Amino acid sequence: QVKLVESGGGSVQAGGSLKLSCAYSGSAGSRYCMGWFRQAPGKEREGVATVYSRGGNTAYRDSVKDRFTISQDNAKNTVYLQMNSLKPEDTAMYYCAADVLANGCTWIDALWDYWGQGTQVTVSS
């Protein structure tokens with residue numbers, strides 16, 4: 001069992017920055033993925049960024065690549081999402097997720113095992 005708690009959301013103007021945090025507890029094993037997903041009202045949930053425990057490989061949705069950075073602090077049991085140059089289309093509820101016993105990270109949200117409660121990000125023009 002893994003518990004995930006997101007924080008750091010808020011309202012910013014376009015071009016601004018936010019850093020989301022995801023504190024996790026419980027053992028995820030030695031091979032797992034940590035990821036950020038987001039969902040805007042009336043839209044499908046979509047993957048934003050992932051990081052794999054073995055090797056630290058990261059992956060990003062094209063629309064956020066070069067603007068967002070996912071990172072992990074194992075000592076603090078925390079995953080971060082640094083978001084720069086925010087755009088109105090980034091507005092969504094952002095969720096932290098964990099995929100345990102993973103051989104790699106997937107963009108298919110149904111395959112992820114644990115989810116946080118979400119933190120709202122709102123970007124105005």
Side-chain angles (χ1 to χ4, degrees):
Q1 296 288 332
V2 178
K3 286 185 177 181
L4 306 169
V5 180
E6 305 98 329
S7 62
S11 298
V12 298
Q13 292 186 328
S17 298
L18 283 174
K19 187 174 184 177
L20 307 183
S21 298
C22 173
Y24 56 90
S25 61
S27 178
S30 62
R31 65 182 199 274
Y32 60 91
C33 293
M34 298 298 298
W36 290 94
F37 291 75
R38 66 187 182 186
Q39 187 169 28
K43 298 182 179 180
E44 298 289 332
R45 185 166 58 189
E46 62 183 20
V48 177
T50 66
V51 59
Y52 189 47
S53 62
R54 296 188 176 182
N57 292 333
T58 59
Y60 299 91
R61 168 173 289 274
D62 285 344
S63 62
V64 309
K65 191 175 181 64
D66 299 323
R67 297 190 297 121
F68 292 9
T69 302
I70 187 171
S71 62
Q72 184 171 16
D73 187 336
N74 294 112
K76 295 182 178 180
N77 289 337
T78 303
V79 176
Y80 304 96
L81 184 67
Q82 178 66 52
M83 304 184 294
N84 298 324
S85 301
L86 283 162
K87 304 175 181 180
E89 51 263 44
D90 294 318
T91 295
M93 184 72 75
Y94 282 70
Y95 297 92
C96 181
D99 182 10
V100 301
L101 300 177
N103 292 317
C105 299
T106 178
W107 292 113
I108 305 174
D109 58 357
L111 298 179
W112 291 68
D113 300 304
Y114 302 99
W115 295 85
Q117 82 290 343
T119 186
Q120 179 68 39
V121 171
T122 302
V123 184
S124 62
S125 300

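Just so it is clear, the model here is predicted, and its values are computed rather than measured.
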Q: Would you compute the distance between atom CD1 of I70 and atom OH of Y60 and round it to the nearest 0.5 angstrom?
A: 6.5 Å
Q: Would a 4.5 Å heavy-atom cut-off, applied to side chains only, mark Y80 and K19 as touching?
A: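 They are in side-chain contact.
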Q: So, for A40 and A92, which heavy atoms are closest and what is the spacing to 0.1 Å?
A: N-CB, 3.9 Å
Q: Just wondering, do L18 and F68 contact through their side chains at under 4.5 Å, heavy atoms?
A: no
Q: Going by heavy atoms in the side chains, are K87 and V123 under 4.5 Å from each other?
A: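 No, every pair of side-chain atoms sits at 4.5 Å or beyond.
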Q: A side-chain contact here means heavy atoms from C-beta on lying under 4.5 Å apart; do D99 and T50 qualify?
A: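 Side chain of D99 against side chain of T50, heavy atoms only: no contact under 4.5 Å found.
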Q: If Ile, Leu, Val, Met, Phe, Trp and Tyr residues are connected whenever their side-chain heavy atoms lie under 4.5 Å apart, and connections chain through other members, are Y114 and V48 in the same group?
A: yes
Q: Any non-hydrogen side-chain atom of R38 less than 4.5 Å from a side-chain atom of V64?
A: yes
Q: Can you tell me how far SG of C22 sits from CD of E6, rounded to the nearest 0.5 angstrom?
A: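 Rounded to the nearest 0.5 Å, the CD-SG separation comes to 5.5 Å.
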Q: If you look at every heavy atom in C33 and A102, which pair is closest and at what distance?
A: SG-CB, 3.9 Å
Q: Could you give the distance from CG (L111) to SG (C105), rounded to the nearest 0.5 Å?
A: 11.5 Å
Q: Taking atom CD of Q117 as the centre, report whether more than 12 heavy atoms of other residues, nucleotides or ligands fall under 6.0 Å from it.
A: yes
Q: Under the salt bridge (charged side-chain N to carboxylate O under 4.0 Å, His left out) test, which residues partner R54, sequence neighbours left out?
A: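 Once residues adjacent in sequence are excluded, R54 has no partner under the salt bridge (charged side-chain N to carboxylate O under 4.0 Å, His left out) criterion.
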Q: Kindly indicate whether the side chain of D90, heavy atoms from C-beta on, has any atom under 4.5 Å from the side chain of R67.
A: yes
Q: Could you tell me which residues satisfy side-chain contact (heavy atoms from CB on, under 4.5 Å) with T122, sequence neighbours excluded, listed by chain and number?
A: S11, T91, Q120
Q: Using a 3.5 Å distance criterion without hydrogens, assess whether the side chain of S53 forms a donor-acceptor pair with backbone atoms of S30.
A: yes
Q: For S17 and N84, which heavy atoms make the closest approach, and how far apart are they?
A: OG-OD1, 2.9 Å
Q: Using 0.5 Å steps for rounding, measure from the CD atom of Q1 to the OG atom of S27.
A: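 Those atoms lie 11.5 Å apart.
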Q: Write out all pairs satisfying ring-ring contact (aromatic ring centres under 6.0 Å, His included) with one or both partners inside residues 18-57, taking only residues at least two apart or from two chains.
A: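 Sorted result for residues 18-57: F37-W112, F37-W115.
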Q: Are L4 and M34 close enough that some pair of their side-chain heavy atoms sits under 4.5 Å apart?
A: yes
Q: Can you check whether N103's main-chain N or O pairs, donor with acceptor, with R31's side chain at less than 3.5 Å?
A: no
Q: Do S7 and T119 make a side-chain contact, defined as non-hydrogen atoms from C-beta onward lying under 4.5 Å apart?
A: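 SC-SC contact between S7 and T119 ruled out.
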Q: Can you hop from L81 to M93 via hydrophobic side chains spaced under 4.5 Å?
A: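 Not linked; separate clusters.
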